[in-house]
Amino acid sequence: MRKIQMVDLGGQYQPIKEQINSSIAQILENSTFINGPEVHTFQKELEDYLGVKHVIPCANGTDALQIAMMGLGLQPGDEVITADFTFAATVEVIALLQLTPVLVDVEPDSFNIDIAAIERAITPRTKAIVPVHLFGQCADMDALLKLAEKHKLHIIEDNAQAIGADYIFPDGTKQKAGTIGHVGCTSFFPSKNLGAYGDGGAIFTNDDDLAHTIRGMVNHGMYERYHHDVVGVNSRLDSIQAAVLRAKLPKLDSYCDARRDAARKYTQAFENQEHIIVPKTVNRCEGICDTCDCHVFHQYTLRITNGRRDALAQHLGEKGIPCGIYYPIPLHKQKAYVDERYDEADFPVTNQLVQEVISLPMHTELDDEQIAYITDTVLQFVNH
Ligand SMILES: *Cc1c(COP(=O)(O)O)cnc(C)c1O
C-alpha cells in the first residue's frame, strides 16, 4: 500500500507535470514574474468557471479577507460577526483592521455559522457578517442574505475551503460558493481544493464599483500610476502560481468528484456506528449525492462521541495514518480574541465540537486500499 498522506500534492502533480513544468519554464524565459499574462488569463478563466463578474487575484486568502473588508469601507469600531469554529485568519483580519469581531456559535450538523446566534448578536453597530463555508459546504446563504437585507449588512464569504461547491437556493437555482454574498474570498494555499505551489488568493464580486475599489487597493491604492487615492496594500498573485492554477482549474470538478468519492466510502463505513457521527451534507440534498456539488470535502470530519477522540488520533498515528484536529480551541478562548462580552453558555456547540472532531486523510489521490485500511483501523479502535 502507498504511504497514506493527509494531502497528496505529489501524486496530484504527476498527471499535470508536463503542462506545469512547461508553463513555468516559459515564465522563466520571459521574466514575466509579476502581473504576467498568466495572471490575467487565470482571472478570466476563474470568472467563467464561477460565473462571477470580477475575480481580483491577491497574495493569499488572509489578504483577500482583509482587502474585502477595506473595500467595503468598514471603519474601526464596526462590528463584524463570524463563526467561533474556524481558522483564525477570519477573525484575525477583523481585529487587525480595528473592527470589532463578534464570534457566534455554529450548527452541529454542518459546522457552519448558526443563523439564530447571528440574529441574537446583531446590534446597531453591526456592519458585516463573515460566513465561513467550513470543510467544503456553504453556510445557509439563503437565510444570511435575508438577514443582511433586513439589517443592511454586508456578507463577506470566506470561501477558502469551498471553492467549486454549489449552493442550492430553495427555488432550485444554483450558485457557486463565494459568489453569493457581496464579496467572496478564497485561498490558493497548496493544500486547499484549488491549490497553488505557494501562496495565493482571490476576491470575487459582482459589484463593479467594489471591484474597481479593490483592484486599486491590492496595488497600493493606485487607480492611476503613482496616484495614491486610498491607503492600499501590496497583494499580488505571482505568474508562476497563476500558471499552476491554470493547469489545475480545468480539473477542479474532477478533483471535487474524487474527494466526494472518498467521502462516500468513508461514510458507508462509519454511518450507523454508535460512537461516530459522520459529516452531513445539509444544503438541500440528502447525504452525499452523486448529482450535485454541494459539498467539496476540503476536510472529511467525524465526531467521536465516546470521549476517545484524542486516543483515536494517537492510535491512527501509530498505525501510519495521519489525521488532523480542526479546530482544537474555539476562537473565543484564544488569548488574542478573548473578550469579556462572551458567555460560555453562548458556545455550546463549538465547545463540544473541539472535543469530538477528527479529520481523516482527504485528497484527490486516495485509493480503495488506503481507504479500507483507514476505515478498518478507525472501526477496530472505536468498537474495541
Ligand atoms: C486557509 C484559510 C484562510 C487563509 O488562507 P491563506 O491563504 O492561508 O491566508 C482563511 N480562512 C479559512 C477558513 C481558511 O481555511
Side-chain angles (χ1 to χ4, degrees), residues 6-7 9 42 46 55-70 80-97 99 101 103-104 106-107 110-113 128-139 141 144 155-165 177-178 180-181 183-204 218 233-238 240-242 244-245 248 259 279 295-301 324-331 334 336-337 350 353-354 357 359 362-363:
M6 196 65 188
V7 177
L9 295 176
F42 170 66
L46 189 56
V55 166
I56 301 119
C58 67
N60 57 68
T62 309
D63 273 10
L65 288 161
Q66 178 184 330
I67 296 158
M69 290 176 202
M70 289 167 64
V80 180
I81 298 174
T82 193
D84 189 35
F85 187 63
T86 175
F87 181 57
T90 324
V91 67
E92 179 178 49
V93 297
I94 299 171
L96 197 66
L97 292 172
L99 313 173
L103 297 167
V104 301
V106 295
E107 293 179 344
S110 64
F111 308 122
N112 277 329
I113 196 161
I129 304 170
V130 187
V132 181
H133 303 321
L134 203 73
F135 301 154
Q137 79 174 321
C138 283
M141 291 306 292
L144 278 163
I155 301 280
I156 303 161
E157 297 176 71
D158 181 342
N159 195 34
Q161 300 190 2
I163 195 158
I180 306 164
V183 57
C185 301
T186 206
S187 164
F188 304 122
F189 185 78
S191 65
K192 300 285 155 101
N193 288 26
L194 179 61
Y197 291 166
D199 276 310
I203 303 155
F204 318 137
V218 299
V233 294
N234 170 20
S235 189
R236 294 185 280 243
L237 181 72
D238 72 66
I240 289 178
Q241 302 312 331
V244 172
L245 293 166
K248 287 192 177 189
R259 287 174 175 274
H295 201 319
V296 294
F297 289 94
H298 177 61
Q299 299 292 347
Y300 184 89
T301 303
I325 309 295
Y326 311 118
Y327 296 90
I329 304 171
L331 287 177
Q334 298 282 0
Y337 305 112
T350 304
L353 289 178
V354 295
V357 288
S359 299
M362 175 48 76
H363 53 78

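Since the structure is predicted, the reported quantities are computational estimates derived from the model, not experimental observations. Just follow the structure's listing: the first ligand is 1, and inside any ligand the first atom is 1.
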**OP:** Among all protein heavy atoms, pick the one closest to atom 11 (N) of ligand 1 and tell me residue, atom and distance.
**Re:** D158 OD2, 2.8 Å

Original post:
Quick one: which ligand 1 atoms are inside 4.0 Å of a heavy atom on T86?
Top reply: 13 (C)

Original post:
Would one find an N or O of T62, backbone or side chain, under 3.5 Å from an N or O of ligand 1?
Top reply: yes

Original post:
Taking the inter-plane angle between the rings of Y327 and F135 on a 0 to 90° scale, is it parallel (under 30°), tilted (30 to 60°) or perpendicular (over 60°)?
Top reply: parallel

Original post:
Aromatic ring centroids of F42 and F188 under 6.0 Å?
Top reply: yes

**OP:** Looking only at non-hydrogen atoms, find the nearest pair between K248 and L9 and report the distance.
**Re:** NZ-CD2, 4.5 Å

Original post:
Nearest heavy-atom pair of F297 and N193: which atoms, and what distance?
Top reply: C-ND2, 4.4 Å

Subject >> Among K192, Q161, Q299, closest by any non-hydrogen atom to atom 3 (C) of ligand 1 >> reply: K192

**OP:** Number the atoms of ligand 1 from 1 as they appear, then name those within less than 4.0 Å of a heavy atom of V132, with their elements.
**Re:** 13 (C)

**OP:** Please name the residue in the list L65, I163, N60 that meets the side chain to side chain contact (heavy atoms under 4.5 Å, CB included) test with T186.
**Re:** I163

Subject >> Between H133 and N159, a side-chain donor and acceptor under 3.5 Å >> reply: no

Original post:
Where is the tightest heavy-atom contact between V106 and A83, given as atom of each residue plus distance?
Top reply: CG1-CB, 3.8 Å

Original post:
Between A160 and ligand 1, is there a nitrogen or oxygen pair with a distance under 3.5 Å?
Top reply: no

**OP:** Distance to 0.1 Å, residue and atom name: give those for the protein heavy atom nearest to atom 8 (O) of ligand 1.
**Re:** S187 OG, 4.0 Å

Original post:
Counting from 1, what ligand 1 atoms have a heavy atom of N60 closer than 4.0 Å?
Top reply: 7 (O), 9 (O)

Subject >> Enumerated ligand 1 atoms positioned under 4.0 Å from heavy atoms of G61 >> reply: 5 (O), 6 (P), 7 (O), 9 (O)

